[in-house]
Number of protein chains: 2
Amino acid sequence: MPYPAKLSPTAILEEARRQLEDGGAEALTMRTLAEALQVRPSSLYRHYPDRAALLAALEDHAVSALHTALVQASSDQSGRAALEAAAHAYLEYARVHPHLYGLLLAPKPPYVAGPGPGKDLWNFVLERVEAITGQRDDTAAAVAVWAFLHGFAVLERSGQFGASGPRGGFERGLSALIDGLSARRG
Amino acid sequence: MPYPAKLSPTAILEEARRQLEDGGAEALTMRTLAEALQVRPSSLYRHYPDRAALLAALEDHAVSALHTALVQASSDQSGRAALEAAAHAYLEYARVHPHLYGLLLAPKPPYVAGPGPGKDLWNFVLERVEAITGQRDDTAAAVAVWAFLHGFAVLERSGQFGASGPRGGFERGLSALIDGLSARRG
DNA sequence: GTCTATACTCTGATAGAC
DNA sequence: GTCTATCAGAGTATAGAC
């Protein structure tokens, strides 16, 4: 090695994340990426086989970051308070990193039940929900909560909720969902 | 007019819908579209200013179709039964027309509160939800229900729910949500 | 007015020299 | 590991035939 490598997978990933967060997935092209790294586009292919692999790596990063955020937000709480704290942290992550979050549930394989970091995230949600419903392996309830969280995040991202009321829909829906799910253990 | 026009906006739209439903948004290119219509790509631009306009037209179609499906599914019912029937029809539409449905909530302007056919759809959901909660203009509750429906549709589309359990999450979540929302009028 | 022909720019990706 | 050179395919714009 006559000279240190200009590129490394992590350096590429960092710049890619920057461009994605700035301008969305469309703004992340191999050419702009190479230019920012002062390298020719084809050089990137020595570190990532194609653009899809780069996006997949970014998705893994997002899953881990989201998981960490949820754990931190709810670590010092339990029961309903823990689930609510995690839910707010979930929405907050989707707000702060909309394009990164947008990678998460693209029409692709899983992540629920898939190997990799997504499993931790799923298990975390499952545990928090189980604490509410009192049932073990309560997949149905966890799916319901996740669906609500994701749906609200997408609705919000797609523009409508202005300064007006609908934002209250999150608290309202979350409460209703938790009430309805936990009431079942009667 | 010496000869009948080979193209018309509706003919283009029909073929575009076909290609979209077959292979998703990526498969719908101006070139393949022109080929199927036996025309040069640039001819399409006499009828639609650009590809985005075509997708917007397809989205309008999807909104109308979804609205119609919801109305038909719940027309002969009322109260909770009507909402549940509409919810199932919503999910069914997303299953049968995944790519068309995928156009609906792309990160774009509205459709809630926006002019055009989307408003009818929103108002319909709002009415059905109000019948449950007993409050007028209960935007928060309607947003909560819509978020759940959309979130579940996306989760399902992204692959995980195999033959196993999670499908029960829809009934479970819908019941819990309705219970929690209607209990509020105590 | 409708469509054809052509070309421009941008994308992701590959082959082979060094 | 990075380069040069090059490719095929995308969307799009314009000039002109009929």
Side-chain angles (χ1 to χ4, degrees), chain A residues 1-62 99-100 102-103 106-109, chain B residues 1-62 99-100 102-103 106-109:
Chain A
M1 301 179 184
Y3 50 85
K6 294 162 88 173
L7 292 179
S8 72
T10 55
I12 295 178
L13 204 62
E14 268 184 40
E15 179 59 32
R17 185 181 54 76
R18 206 169 301 146
Q19 294 197 1
L20 178 81
E21 298 215 51
D22 275 10
E26 293 177 357
L28 173 57
T29 74
M30 302 304 267
R31 285 179 151 81
T32 58
L33 188 53
E35 192 176 2
L37 292 165
Q38 293 186 306
V39 147
R40 299 294 160 185
S42 56
S43 303
L44 301 170
Y45 290 86
R46 290 286 151 185
H47 303 269
Y48 290 93
D50 53 22
R51 183 173 176 269
L54 237 175
L55 289 176
L58 283 172
E59 182 182 344
D60 280 353
H61 167 82
H99 295 120
L100 224 33
L103 251 45
K108 280 198 334 174
Chain B
M1 300 180 185
Y3 50 85
K6 293 163 87 174
L7 293 179
S8 70
T10 54
I12 295 177
L13 204 63
E14 267 185 40
E15 179 59 33
R17 184 181 55 76
R18 205 169 301 145
Q19 295 197 0
L20 177 82
E21 297 214 52
D22 276 9
E26 293 177 358
L28 173 56
T29 76
M30 302 304 267
R31 285 179 150 82
T32 58
L33 188 54
E35 193 175 2
L37 292 165
Q38 294 185 307
V39 148
R40 299 295 158 185
S42 54
S43 302
L44 301 171
Y45 290 86
R46 291 288 152 183
H47 303 271
Y48 290 93
D50 54 23
R51 183 174 176 270
L54 237 175
L55 289 177
L58 283 172
E59 182 182 343
D60 280 353
H61 166 80
H99 295 120
L100 223 33
L103 251 45
K108 279 196 336 173

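As the structure is a computational prediction, the values presented were derived from the model and not from experiment. Basis for what follows: all heavy atoms, side chains included, without hydrogens, waters or symmetry-related copies. Just so we're on the same page: letters track the sequence lines, and every chain starts at 1.
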_B:Glu15 and B:Arg18: CA distance, side-chain angles, deciding distance, salt bridge (charged side-chain N to carboxylate O under 4.0 Å, His left out) verdict_ = CA-CA 5 Å; B:Glu15 179 59 33; B:Arg18 205 169 301 145; 2.6 Å; yes

_Suppose we screen for side chain to side chain donor-acceptor pair (under 3.5 Å). Which residues come up paired with A:Arg51, at least two apart in sequence or across chains?_
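Partners of A:Arg51 by the side chain to side chain donor-acceptor pair (under 3.5 Å) criterion come out as none, since no residue qualifies.
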
*First locate atom CZ of B:Arg17, then atom CG of B:Leu103, and finally report the distance between them rounded to the nearest 0.5 Å.*
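Interatomic distance, B:Arg17 CZ to B:Leu103 CG, rounded to 0.5 Å: 12.5 Å.
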
*Starting at atom CD1 of B:Ile12, determine the distance to atom P of C:dT2, rounded to an integer number of angstrom.*
11 Å

*asked:* Could you tell me how far apart A:Leu44 (CG) and D:dT2 (P) are, to the nearest whole angstrom?
replied: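 Those two atoms, CG and P, are 9 Å apart.
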
*Taking only N and O in the side chain of A:His47, is any of them less than 4.0 Å away from OP1 or OP2 of D:dT2?*
yes

*Go along nucleotides 5-18 of chain C 5' to 3' and tag each nucleotide: B for a protein heavy atom under 4.0 Å from its base, S when only backbone or sugar atoms are that close, - otherwise.*
B-----BBBB-B--

*Would B:Leu54 and B:Leu33 satisfy side chain to side chain contact (heavy atoms under 4.5 Å, CB included), going step by step from the backbone distance to the final call?*
CA-CA 11 Å; B:Leu54 237 175; B:Leu33 188 54; 3.5 Å; yes

_side chain to side chain donor-acceptor pair (under 3.5 Å) pairs, two or more places apart, involving residues 28-42 of chain A_ = A:Gln19-A:Thr32, A:Thr29-A:Thr32

